[in-house]
Enquirer: 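Questions regarding the structure given below will be posed in turn.
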Protein chains: 2
Amino acid sequence: MKLSGGVEWALHCCVVLTRAARPVPATRLAELHQVSSTYLAKHLQSLSRAGLVRSTQGKTGGYVLTRSPQEITVLDVVEAIEGPQSTYVCTEIRQRGPMGAPPEACAAPCAIARTMYAADHAWRATLREVSIADLVRTVGTDYEGDVLGPIGEWLVAADS
Amino acid sequence: MKLSGGVEWALHCCVVLTRAARPVPATRLAELHQVSSTYLAKHLQSLSRAGLVRSTQGKTGGYVLTRSPQEITVLDVVEAIEGPQSTYVCTEIRQRGPMGAPPEACAAPCAIARTMYAADHAWRATLREVSIADLVRTVGTDYEGDVLGPIGEWLVAADS
DNA sequence: CATTACTCGGACAACTCTTGTCCAGGTCAA
DNA sequence: TTGACCTGGACAAGAGTTGTCCGAGTAATG
């Protein structure tokens, strides 16, 4: 029960991409965060498949957010990386064994599964309430001075 | 990001243990659910270490709940199996790279981590609201007739 | 318009963790 | 004393994650 580390990378990338005027290559994003560029590229592909970022190829290619930051929720990013499936999978063990319940009585999920699903929904609801724009705003108030601005400029600078 | 399958087993065991008058051996619980007895035993050991069940050794040994069902929450069981650590681990990548933030500015967790922690807390809060007694009550209304009673009797029966 | 350099994209291994099994040791009731 | 049961650890298999590589495509450039 541990979230993939790629979620953290992807969220940080989305936050800094809000301050980039031009497409940012995966290599530059990896350099900024000091992570493996090839592995980060894989996660960026997931974001691309989910439609959160658009990739442009060629010499000045890279990644750009497709929507405005307030229209991208943290849940969007998490589900793009982790997948939309629930954290709990019910194997219907109530139907198994000598005291197993008959299948026709198990149309609805059992009480245990319903509880776990409710918790999963509460988790997702919390993530849905926060947008990338909210994160950017919070980062702005967390530190003295503007920290995201210089990062955005560094991302589109000529070289490192 | 998938919950261990042992959580499902443990929860079902706790529910049926509420209807067992005497200690129930792990073998019998495994037989009831048609799962590996040796692997289930490992999870029951986790419940024992967490203090949710008491194990008695010897010929008529087995597992019994230590507290009344309404004093055991679903979260207790989940944390006994999965551990109490958060689902999200922050690696502080904001401090890394050429634009890394200085450590003295990172006393508090970053905005991303705070959001993930909040979602984690919401998940746990939901699980904490539901007790084993609640599950037993819900199971009673889910089906026609009493399904847990016969199971409790079967658990303490002489043989299968 | 051809070249070239740069990018993404998906297929390919190495690794870690979870899942599952097994056995020796200790304990209690009959 | 015997048999059944729990405890703890060591051990193997499988899945999922982490990480790497090379080919296809695209845009700038001369």
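Lettering of chains follows the sequences in order, A, B, ..., and the numbering in each one begins at 1.
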Enquirer: Assign Thr27(A) to base, sugar-phosphate, or nothing according to its heavy-atom contacts below 4.0 angstrom with the strands shown.
Expert: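 Result for Thr27(A) = nothing.
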Enquirer: What is the separation between atom CD on Gln57(B) and atom C1' on dA24(C), rounded to the nearest whole Å?
Expert: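 Atom CD in Gln57(B) sits about 14 Å away from atom C1' in dA24(C).
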Enquirer: To the nearest Å, give me how far apart NE2 (His43(B)) and C1' (dG8(D)) are.
Expert: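 My rounded result for the distance is 16 Å.
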Enquirer: Could you go step by step and tell me if Glu71(B) and Ser131(B) meet the side chain to side chain donor-acceptor pair (under 3.5 Å) rule?
Expert: CA-CA 7 Å; Glu71(B) 288 174 345; Ser131(B) 70; over 6 Å; no
Enquirer: Answer with yes or no whether the side chains of Glu31(B) and Ser37(B) bring together a donor and an acceptor at under 3.5 Å.
Expert: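 No, no side-chain donor-acceptor pair sits under 3.5 Å.
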Enquirer: Compute the centroid of each ring, for Tyr117(B) and then for His121(B), and state whether the two points are separated by less than 6.0 Å.
Expert: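 No, they do not, as the ring centres are separated by 6.0 Å or more.
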Enquirer: Which nucleotide in the set dC8(C), dT21(C), dT20(D) lies at the smallest distance from any side-chain heavy atom of Ser55(A)?
Expert: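 For Ser55(A), the side-chain atoms sit closest to dC8(C).
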Enquirer: Take atom CG of Leu44(A) and atom C1' of dG9(C), then tell me their distance rounded to the nearest Å.
Expert: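 Going from Leu44(A) (CG) to dG9(C) (C1'), I get 12 Å.
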Enquirer: Could you give the CG-to-C1' distance, from Leu29(A) to dC8(C), as a whole number of Å?
Expert: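 That distance rounds to 13 Å.
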Enquirer: Send over the distance from Leu3(A) CG to dT18(C) P, rounded to a whole Å.
Expert: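 To the nearest whole Å, that distance equals 14 Å.
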Enquirer: Using heavy-atom distances to pick each residue's nearest nucleotide on DNA chain D, tell me which of Thr56(A) and Ser4(A) is more 5'.
Expert: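 Upstream on the strand: Ser4(A).
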Enquirer: Could you check which residues of residues 10-21 of chain B get a heavy atom under 4.0 Å from DNA chain D? Sort them by number, please.
Expert: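 Of all residues in residues 10-21 of chain B, none places a heavy atom under 4.0 Å from DNA chain D.
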Enquirer: Report yes or no: does Arg124(A) contribute a side-chain atom to a donor-acceptor pair with the main-chain N or O of Leu75(A) at less than 3.5 Å?
Expert: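 A pair under 3.5 Å: no.
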Enquirer: Answer yes or no: is there a side-chain heavy-atom contact under 4.5 Å between Pro23(B) and Val156(B)?
Expert: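 No, too far: nothing below the 4.5 Å cut-off.
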Enquirer: Looking at dA28(D), I'd like to know if its phosphate oxygens (OP1 or OP2) sit under 4.0 Å from a side-chain N or O belonging to Thr60(A).
Expert: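 For Thr60(A), the contact criterion (side-chain N or O under 4.0 Å from OP1 or OP2 of dA28(D)) is met.
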Enquirer: Before accepting this row, confirm whether a basic side-chain N of the pair Glu153(A)/Arg19(A) lies closer than 4.0 Å to the acidic partner's carboxylate O.
Expert: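 Salt bridge absent between Glu153(A) and Arg19(A).
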Enquirer: Identify whether NZ of Lys or CZ of Arg in Arg28(A) sits under 6.0 Å from the centre of the six-membered ring of Trp154(A) and within 45° of that ring's axis.
Expert: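 Satisfied, under 6.0 Å and within 45°.
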Enquirer: Remember a base hit wins even if backbone is also touched, and classify Ala41(A) as base, sugar-phosphate or nothing at under 4.0 Å, heavy atoms.
Expert: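 No contact.
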Enquirer: Look at all strands and tell whether Gly5(B) reaches a base, only sugar-phosphate, or nothing, counting heavy atoms closer than 4.0 Å.
Expert: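 If one applies the 4.0 Å heavy-atom cut-off, Gly5(B) turns out to touch the sugar-phosphate alone, with no base involved.
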Enquirer: Counting the atoms with a prime plus P, OP1 and OP2 as sugar-phosphate, which does Arg49(B) contact under 4.0 Å by heavy atoms, base, sugar-phosphate, or nothing?
Expert: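 Answer is sugar-phosphate: Arg49(B) comes under 4.0 Å of backbone atoms only.
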Enquirer: Let me know the distance between OH of Tyr39(B) and C1' of dG9(D), rounded to the nearest Å.
Expert: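 Taking OH of Tyr39(B) and C1' of dG9(D), I get 15 Å after rounding.
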Enquirer: What about Lys42(A), does its side chain sit under 3.5 Å from the base of dG10(C) through a donor-acceptor pair?
Expert: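 Donor-acceptor pair under 3.5 Å: no.
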Enquirer: Give me the one residue out of Thr56(B), Leu44(B), Leu52(B), Val24(B) that meets side chain to side chain contact (heavy atoms under 4.5 Å, CB included) with Tyr63(B).
Expert: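 Among Thr56(B), Leu44(B), Leu52(B), Val24(B), the one that satisfies the side chain to side chain contact (heavy atoms under 4.5 Å, CB included) with Tyr63(B) is Leu44(B).
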Enquirer: Can you pull out the residues from residues 71-84 of chain A that lie within a 4.0 Å heavy-atom distance of DNA chain C?
Expert: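 By residue number: none to list.
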Enquirer: Taking all atoms of both residues into account, what is the closest heavy-atom pair of Leu40(B) and Ala26(B), and its distance?
Expert: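 Nearest pair, atom of Leu40(B) first, then Ala26(B): CD2-O, 4.0 Å.
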